[in-house]
Amino acid sequence: MAKVTIQSIAKDLGLSRNTVSMALKGNDLVAQRTREMVLRYAQQRGYVASSGEEGERQPPEREEAGDHRIMILRKPDVAVYWDKVINGISEEASRNHCQTQVAVVTQEDEDVLRLPPGLEDGIEAVFCVKMMNIDYISVIERRGIQIFLLDTYKDVDGEMPGDVVKIDSFRPVVKLVRHLIDQGMGRIGFLNESSSIYETMHDRFDGYLYAMRQAGIEPVPELVMPDAVVCGNYEIAKFLTQTLRGRGIRVPEEVAVTGFDNDEEGMLDPFFTTVNVDAKWLGKRMVQCFLWRLGHPEAPFEKIDVIIRKSSVKRVLD
């Protein structure tokens with residue numbers, strides 16, 4: 001029978017040699033589930049560390065630094081916003097000696113549960129910069145790979161299979177709505193995707209309802225001609241503005257429009273009043289969550305700011 005070594009365990013489990021070495025030493029930089037999997041497998045195979053093998057290991061400082069492998073999953077779109085998130089992931093990963101690779105997941109891939117090539121090649125964590133369906137995420141999770149998400153589903157049975165790094169969407173929308181109300185607007189609508197299943201979108205709608213009701217205004221389900229429309233994201237705000245203008249309705253003189261995400265690429269004139277989301281920092285935060293999740297379970301919320309721009313200002317602000 002061939003001798004069981006760190007290298008052979010790494011090959012059998014589809015992990016990097018450093019990850020197996022760190023897991024065997026109980027290093028907290030390796031996810032708990034991965035440590036348990038490695039230890040269980042090593043015990044089953046009768047692994048015994050040898051002095052020669054110890055001598056082959058990299059210096060402790062290098063091991064602590066990481067050499068972890070991350071796969072970033074994205075959809076086949078060309079939105080600049082997601083490119084900024086991926087750039088943030090790549091920069092922070094490189095700074096912490098982590099390797100990254102990007103894989104594009106099509107709708108067909110999700111439907112047939114076809115995983116991206118290279119996932120078994122020592123990948124320790126998967127970052128979903130856009131939401132995949134639950135079954136697809138679960139298939140990855142069952143392989144002992146850590147999952148990190150930028151959003152979650154509003155209504156799912158049980159817990160999500162990974163950590164979620166998401167911005168606060170409730171309070172910023174409250175600020176947006178109050179900004180509109182302070183200008184004397186009362187007929188304010190909320191426009192979202194027809195059937196959003198994502199938690200952040202529900203948070204934004206809840207923020208809208210809260211701000212309206214706090215001001216003593218009961219939202220009207222169907223507004224023929226609103227004073228203003230709070231949109232769930234930039235793309236919706238852009239589409240609405242183009243549609244209104246196509247019908248001869250002026251923005252913001254007749255209808256004020258607000259967005260979310262502060263995606264300035266291809267932005268219409270006037271710029272939207274929006275919620276500033278630093279997409280690049282969001283990507284960096286995902287890497288930090290991966291590296292230090294166990295040591296920092298109570299990480300602070302992401303910082304966001306409301307940017308007041310002229311697309312929603314009907315008069316000069318005091």
Side-chain angles (χ1 to χ4, degrees), residues 70 72-75 77 79-93 125-132 137 146-156 159-180 190-193 196-211 230-238 257-265 267 271-293 296-309 312:
I70 299 167
I72 304 167
L73 301 187
R74 68 171 302 167
K75 296 291 185 70
D77 56 41
V80 175
Y81 178 85
W82 303 114
D83 290 335
K84 292 177 181 177
V85 174
I86 293 172
N87 286 341
I89 293 172
S90 299
E91 285 186 15
E92 190 70 6
V126 163
F127 290 4
C128 298
V129 298
K130 292 195 75 173
M131 287 297 292
M132 310 292 168
I137 295 173
Q146 295 184 82
I147 307 292
F148 292 86
L149 308 158
L150 286 179
D151 205 344
T152 184
Y153 291 99
K154 178 65 175 177
D155 298 307
V156 293
E159 297 182 358
M160 289 295 296
D163 287 311
V164 178
V165 178
K166 74 184 187 77
I167 61 172
D168 176 11
S169 292
F170 178 87
R171 280 176 284 269
V173 172
V174 170
K175 293 180 181 180
L176 281 176
V177 175
R178 287 175 177 169
H179 156 64
L180 298 171
F190 183 89
L191 185 61
N192 199 5
E193 293 143 353
S196 179
I197 56 177
Y198 303 128
E199 187 172 271
T200 53
M201 287 299 184
H202 284 267
D203 291 344
R204 293 169 196 181
F205 182 59
D206 289 343
Y208 158 77
L209 292 177
Y210 177 83
V230 176
C231 298
N233 61 33
Y234 163 75
E235 286 296 332
I236 295 172
K238 182 177 180 179
V257 176
T258 72
F260 204 104
D261 296 335
N262 191 27
D263 188 351
E264 296 188 8
E265 299 294 334
M267 184 176 281
F271 279 7
F272 295 123
T273 289
T274 186
V275 175
N276 183 42
V277 179
D278 190 334
K280 193 171 183 179
W281 167 247
L282 199 54
K284 291 183 177 184
R285 188 66 186 86
M286 292 185 80
V287 177
Q288 293 171 5
C289 185
F290 164 56
L291 291 174
W292 300 298
R293 175 68 178 88
H296 301 80
E298 303 297 330
F301 293 110
E302 301 299 322
K303 182 180 179 181
I304 52 177
D305 301 294
V306 175
I307 298 177
I308 305 302
R309 286 183 171 151
S312 68

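Fair warning: this is a prediction, and the values are worked out from it, not measured in the lab. This chain uses plain numbering: 1 for the first residue, then up along the sequence.
Summarising the geometry of Ala237 relative to Cys231, their closest heavy-atom pair is CA-SG, 3.6 Å, with the distance given to 0.1 Å. When all heavy atoms of Arg178 and Ala211 are compared, the closest pair comes out as CG-CB, 4.5 Å. Between Ser90 and Ile72, the closest heavy-atom pair is OG-CD1, 4.4 Å. Considering all non-hydrogen atoms of both residues, Met131 and Thr152 come closest at CE-CA, 3.8 Å. In terms of heavy-atom proximity, Ile236 sits nearest to Gly232 at CD1-N, 4.2 Å. A pairwise comparison of heavy atoms in Leu176 and Val275 identifies CD1-CG2, 3.6 Å as the closest pair.
For the pair Cys289 and Val287, the minimum side-chain heavy-atom distance is 4.5 Å or more. Side-chain contact between Lys75 and Met132 is present, with heavy atoms from C-beta onward closer than 4.5 Å. The side-chain heavy atoms of Asp163 and Leu149, taken from C-beta on, include no pair separated by under 4.5 Å. No side-chain heavy atom of Val129 sits less than 4.5 Å from a side-chain heavy atom of Leu73. Using a 4.5 Å heavy-atom threshold, the side chains of Lys84 and Asp278 count as separate. With a 4.5 Å cut-off on side-chain heavy atoms, Leu191 and Val230 do not count as touching. Between Ile89 and Phe290 the shortest side-chain heavy-atom distance does not fall below 4.5 Å. Side chains of Phe127 and Ile86 form no contact here, defined as non-hydrogen atoms less than 4.5 Å apart.
The distance from atom CG of Leu282 to atom CH2 of Trp82, rounded to the nearest 0.5 Å, is 8.0 Å. The CH2 atom of Trp281 sits 14.5 Å away from atom CD1 of Ile167, with the distance rounded to the nearest 0.5 Å.
In this structure, the side-chain hydrogen bond (donor to acceptor under 3.5 Å, both in side chains) partners of Lys280, at least two apart in sequence or on a different chain, are Glu91. For Tyr208, the ring-ring contact (aromatic ring centres under 6.0 Å, His included) test picks out Phe190, Phe205, with sequence neighbours left out. In this structure Thr200 satisfies the side-chain hydrogen bond (donor to acceptor under 3.5 Å, both in side chains) test together with Asp151, sequence neighbours excluded. Every ring-ring contact (aromatic ring centres under 6.0 Å, His included) that Phe170 has, sequence neighbours left out, goes to Tyr210. Every residue meeting the side-chain hydrogen bond (donor to acceptor under 3.5 Å, both in side chains) condition with Asp203, not counting sequence neighbours, appears here in chain and number order: Lys166.
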For Asn192 and His202: C-alpha separation, side-chain torsions, deciding distance, then whether side-chain contact (heavy atoms from CB on, under 4.5 Å) applies. CA-CA 9 Å; Asn192 199 5; His202 284 267; over 6 Å; no

With side-chain contact (heavy atoms from CB on, under 4.5 Å) as the criterion, how do Lys130 and Arg74 come out once you've worked through the C-alpha distance, each side chain's angles and the decisive distance to 0.1 Å? CA-CA 6 Å; Lys130 292 195 75 173; Arg74 68 171 302 167; 5.8 Å; no

Determine, stepwise, if the pair Met286 / Leu150 fulfils side-chain contact (heavy atoms from CB on, under 4.5 Å). CA-CA 8 Å; Met286 292 185 80; Leu150 286 179; 3.4 Å; yes

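Between the Arg204 side chain and the Ser169 main chain, no donor and acceptor come within less than 3.5 Å of each other. The main-chain N or O of Ala93 is never found under 3.5 Å from a side-chain atom of Lys284 such that the two would form a donor-acceptor pair.
Relative ring orientation between Tyr198 and Tyr153 is described as tilted, the plane-to-plane angle lying within the 30° to 60° band.
A ring-centre distance under 6.0 Å is not found for Phe260 and Tyr234.
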